[in-house]
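Lettering of chains follows the sequences in order, A, B, ..., and the numbering in each one begins at 1. Values below: every heavy atom of this structure, side chains too, minus hydrogens, waters and symmetry copies.
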Amino acid sequence: MGVREIAAEEITSTIRRLCIEANTILGDEVVEALKKGLEQEESKTGKDIFRQLLDNAKIAKQEGIPLCQDTGMVVVFIEMGQDIHIVHGGLNQSINEGVRQGYRDGYLRASSLDPLVRKNFGDNTPAIIHVEIVPGDKLKLTVVPKGFGGENMSRVVLLTPASGMEGIKEFVLQTVEKAGANPCPPVIVGVGIGGTLEKAAFIAKKSLLRPIGQRHPDHQIAILEQELLDKINRLGIGPQGLGGNVTALDVHIETYPTHIAGLPIVVNLQCNCHRHKEAVL
Amino acid sequence: MPETISINTPLTDEILKDLKTGDSVLISGVIYSARDAAHKRLVELISKGEKLPFEIKGQIVYYVGPTPPGPGMIIGSAGPTSGYRMDAYAPILIAEGLKGMIGKGMRNQKVKEAIKRHRAVYFAATGGAGALISKTIKKTEIVAYEDLGTEAIRRMHVKDFPTIVVNDIYGNDLYLQGKRRYRKTG
């Protein structure tokens, strides 16, 4: 099998487009989940909020206005076929150029800055880039503009193995409870269990990409997802934390083998404005 | 029962006494945008005894960092950011006469006490509805700190800006009361 060439400029233009689309067009699965939430919500205020969010998605799409003013830090998941050769430029460079162009041309907010000096770079670069090498000759690019309302309320814990299943459940519920209104509920709860510190965080974030309502293929994990979703929605937090029975639209769990001594858990919270767009080159 | 109320800024004691936790409030008039960096500067000015860049008495501050306006637009997406990051500064501004804050998420005890003591209100706007909210902002001008970009202080003229009263002058908190009402667990 030969090597397939992909031009860096093609990656740049694709990332540019995905940044703009992700920030202005809410995915159908999210719109459907909000409609379902509107039906299920018991609180009048909560119902009003669902209606606002659905109207917001319509206005954003029709007028090209960003869904949310926090257009996020750009997380890019890449699945790169091992038979691909990128020409006329570097991978990271071409992605960051795409982010720069997308945020400039789409009138999106630049939020990235130096963590200590705290001076805004003005172009929302650099992106957070995760590359996985996979078989084949395709390049899959997924852009997730991640707002920091949810990111700031996410948590990590390195539990002892003795904490077991109960420890996992307690940590997930506590995280959602402590977050309250801040991550803009109804949220999507991404949970990474196992691996190492950074692996747990990676799979927690990546779990957010699974369509809302789709359960994990492993039966035991699927049951755990449903149990946690039910428990979260009994906390009473509700839409925007103002009280109600729809606090989360879904819970997604991913696991990875871990060490005999460890049980890392990361809960990554995603706001109601669940933005992600992908393309395959 | 929670009501839907339309009000005009600035906020007077007369208006504030009728705003109760859970009420839907449509705000019209002038509000001022300020978030993390602008709050830091405002409080520095107060600590040095210097004049603020706008008259804060009776006013509402909106915690927002909008996206840049597209061609022909007044403002970009403009929903609320989390209020807790302004907790360190809010009581100082409230003591100076600030009467309203619009944001999202629970405030700490010091802010809640300042709200009650000085008779102010904390309103929630819907996080994730920045495009919808932008339609209620009719005019904006930068008042101070243009160098902060999205974090600059803007005077915003709004019409029927949608909010919900979270903390009222009577010491209520919708985040606590709403959760208690719908909680089905221990």
Subject >> Top contributor to chain B contacts, counting heavy-atom pairs under 4.5 Å, from A:R118, A:E63, A:Q52, A:K58 >> reply: A:Q52
Subject >> Side chain, backbone, both or neither of B:T126 within contact of chain A (heavy atoms, under 4.5 Å) >> reply: both
Original post:
Rounded to the nearest 0.5 Å, what separation is found between the CG atom of B:N167 and the NZ atom of B:K116?
Top reply: 11.5 Å
Original post:
Can you say whether B:P71 sits under 4.5 Å from chain A via the side chain, the backbone, both, or neither, judging by heavy atoms?
Top reply: both
Original post:
Would B:F54 and B:Y32 count as a close aromatic pair, with their ring centres under 6.0 Å?
Top reply: yes
Original post:
Top residue by heavy-atom pair count (under 4.5 Å) with chain A, among B:G103, B:P80, B:G76?
Top reply: B:P80
Original post:
For the candidates A:C184, A:G244, A:G238, which exhibits the highest count of non-hydrogen atom pairs separated by less than 4.5 Å from chain B?
Top reply: A:G244
Subject >> Segment of A:N120 engaging chain B (4.5 angstrom heavy-atom cut-off) >> reply: neither
Original post:
Checking A:L235 against chain B: side chain, backbone, both or neither under 4.5 Å from a heavy atom?
Top reply: both
Original post:
Heavy-atom distance under 4.5 Å to chain B: side chain of A:S43, backbone, both or neither?
Top reply: both
Original post:
Which one of A:I59, A:I65, A:T247, A:N182 has the most heavy-atom pairs closer than 4.5 Å to chain B?
Top reply: A:N182
**OP:** Tell me, out of A:L242, A:I237, A:T45, who's got the most heavy-atom pairs with chain B below 4.5 Å.
**Re:** A:L242
**OP:** Between chain A and each of B:Q177, B:K135, B:M73, B:R85, count heavy-atom pairs under 4.5 Å; write down the option with the most.
**Re:** B:K135
Original post:
Would B:K110 and B:E113 satisfy salt bridge (Lys or Arg N to Asp or Glu O under 4.0 Å), going step by step from the backbone distance to the final call?
Top reply: CA-CA 5 Å; B:K110 281 187 177 165; B:E113 280 163 17; over 6 Å; no
Original post:
Are there more than 12 heavy atoms of other residues, nucleotides or ligands under 6.0 Å from atom NZ of A:K169?
Top reply: yes
**OP:** Could you check which of B:G79, B:S82, B:G105 has the highest count of heavy-atom pairs closer than 4.5 Å to chain A?
**Re:** B:G79
**OP:** To the nearest 0.5 Å, tell me how far B:H157 NE2 sits from B:K139 NZ.
**Re:** 4.0 Å
**OP:** Could you look at B:A78 and say if it's the side chain, the backbone, both or neither that has a heavy atom under 4.5 Å from chain A?
**Re:** backbone
Subject >> Flag if over 12 foreign heavy atoms under 6.0 Å of CD, B:E146 >> reply: no
**OP:** In plain terms, say whether A:D70 and A:R275 are close enough for a salt bridge, that is, a side-chain N and a carboxylate O under 4.0 Å apart.
**Re:** no
Original post:
Take atom CG in A:D28; do more than 12 heavy atoms of anything else shown fall under 6.0 Å from it?
Top reply: no
Original post:
Between A:E42 and chain B, which part of the residue has a heavy atom less than 4.5 Å away: side chain, backbone, both or neither?
Top reply: both
**OP:** Flag the pair B:F161 / B:Y62 as yes when their ring centroid distance falls below 6.0 Å, and as no otherwise.
**Re:** yes
**OP:** May I ask you to check whether A:R109 and A:T71 show a side-chain donor-acceptor distance below 3.5 Å?
**Re:** no
Original post:
What residue, out of B:G130, B:A124, B:S77, has the most heavy-atom pairs lying under 4.5 Å from chain A?
Top reply: B:S77
Original post:
Taking atom types as modelled, is there a side-chain donor on A:S154 or A:N268 under 3.5 Å from an acceptor on the other?
Top reply: yes
**OP:** Select one option (side chain, backbone, both, neither) describing which atoms of A:L67 are under 4.5 Å from chain B's heavy atoms.
**Re:** backbone
Subject >> Between A:S111, A:C68, A:P183, the one whose heavy-atom pairs under 4.5 Å with chain B are most numerous >> reply: A:C68
Subject >> Among the listed options B:P66, B:S134, B:G149, the residue most often paired with chain A at heavy-atom distances under 4.5 Å >> reply: B:P66
Original post:
Can you tell me how far CD1 of A:I20 sits from CD1 of A:I15, rounded to the nearest 0.5 angstrom?
Top reply: 12.0 Å
Subject >> Region of B:I164 in contact with chain A, defined by heavy-atom distances below 4.5 Å >> reply: side chain
